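In what follows, a single structure is set out as structure tokens and then discussed.
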There are 2 protein chains.
Amino acid sequence: MKPKEQIVDLADQYIRAKGYNAFSFYDIAKEVGIKTSSIHYHFPSKTDLGVAVIEKELAFITAMIQKNADCSPLEKLNIFFSIYHKIKEANQVCLVGSLATDFMTLDESIQNALKKFSLTILNWVTGFLEEGKRENVFNFSCQPRIKALLIIGNMLSIVQLSRLIDDADFNSVKKAIQKDLLNQ
Amino acid sequence: MKPKEQIVDLADQYIRAKGYNAFSFYDIAKEVGIKTSSIHYHFPSKTDLGVAVIEKELAFITAMIQKNADCSPLEKLNIFFSIYHKIKEANQVCLVGSLATDFMTLDESIQNALKKFSLTILNWVTGFLEEGKRENVFNFSCQPRIKALLIIGNMLSIVQLSRLIDDADFNSVKKAIQKDLLNQ
DNA sequence: GTCTATATTCCGATAGAC
DNA sequence: GTCTATCGGAATATAGAC
């Protein structure tokens, strides 16, 4: 992997493991095997690096949405779950949750990138919930957008809470969401 | 208010506004009108201050639980909502959500205090959900503990997401949770 | 593109006077 | 209990050699 990609990848890991304000250029430099000044060559400021992380994740999620556009709503739900499963396995939190708590300390360019990223996820989930309801696979009574916020919020929060409480609760929450959606 | 209390109060505000790793003793000293060394007199280390913040919130929530022990489950639910309503009004996030994302950077004493705090809330919510189900006021099919995690997670996440998306979603989410619980 | 060297700022923490 | 003064360290960032 090219150094530039590796830097973004490690920054991503650190943001979701320790938070944006808790990792340093030195943390990354150490792991890549270069000096901090070399990171500044690729990303003049920490803000530039932060924006690059979000844009990388946005590209990833956009490609995944596109690739699985023809899947069933239930399959899409499980793809959605699998994202958080990986995060939880690594004892991390999701990018949105991590950066939302640091939001007031972030430069506007990161704030805007994050808003765009979260909107992409929200629209995706809203879409396959609507789809599932139309096909009588999913059942829920509130607006699809609100149901999407509830479900996204459940996953966003359970990866955070998994650090504080019983590890097994993650799967129980996942199953409860699924059962609730499929119940007629 | 005594300086010591004021320091804890401001630290609490900062943690929920900007995050634990983004506020400094100087931020607080400035607002109190003292020097940073005076804060160290009351709280030798930042960790001591962090623990004091959680213990203050724990005392507050414990008193509130006790005070409203005789309320109906529906009243308790609305008290629960009102906590997050205040947080959202201030454009802050809850203490658990904020410190959970910074969890890996916190000293063990703060981690343990936070675990105790989150468990207190979880047990409280689980309790009045069970109560409400027994009285046929609330309706849900999963375990009360899991339902509590889902609802707490919805509120924890919506105060975070309120910074990124439509401000009005907070009330929609609150109403959706309520309707879901009350539906027969 | 990476290095050395350094500038600058900030932060947590401590010693000792008052 | 608050102050001044200061230490030691860490962080972002830049200049210039290679």
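Computed over heavy atoms, backbone and side chain alike; hydrogens, waters and symmetry mates excluded. All values derive from a computational prediction rather than experimental measurement. First the proteins, then the strands, lettered A, B, ... as listed; each starts at 1.
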List the atom of Ser162(A), the atom of Phe170(A), and the distance in Å for their closest heavy-atom pair.
-> OG-CB, 4.1 Å

Taking atom types as modelled, find out whether Asn154(A) and Ser157(B) have a side-chain donor-acceptor pair closer than 3.5 angstrom.
-> no

Would you check if there is a donor-acceptor pair between the side chains of Thr101(A) and Thr101(B) at a distance under 3.5 Å?
-> yes

Taking CG from Asp48(A) and P from dT12(D), how many angstroms apart are they, rounded to a whole number?
-> 13 Å

Sugar-phosphate or base contact per nucleotide [nucleotides 2-18 of chain C; S, B, -; heavy atom under 4.0 Å] = BBB------SSBB----

Salt bridge (charged side-chain N to carboxylate O under 4.0 Å, His left out) contacts touching residues 2-14 of chain A (sequence neighbours left out) = Asp9(A)-Lys56(A), Asp12(A)-Arg16(A), Asp12(A)-Lys56(A)

Ring pair (Phe, Tyr, Trp, His ring centres under 6.0 Å): which pairs involve residues 98-124 of chain B, sequence neighbours left out?
-> Trp124(B)-Phe128(B)

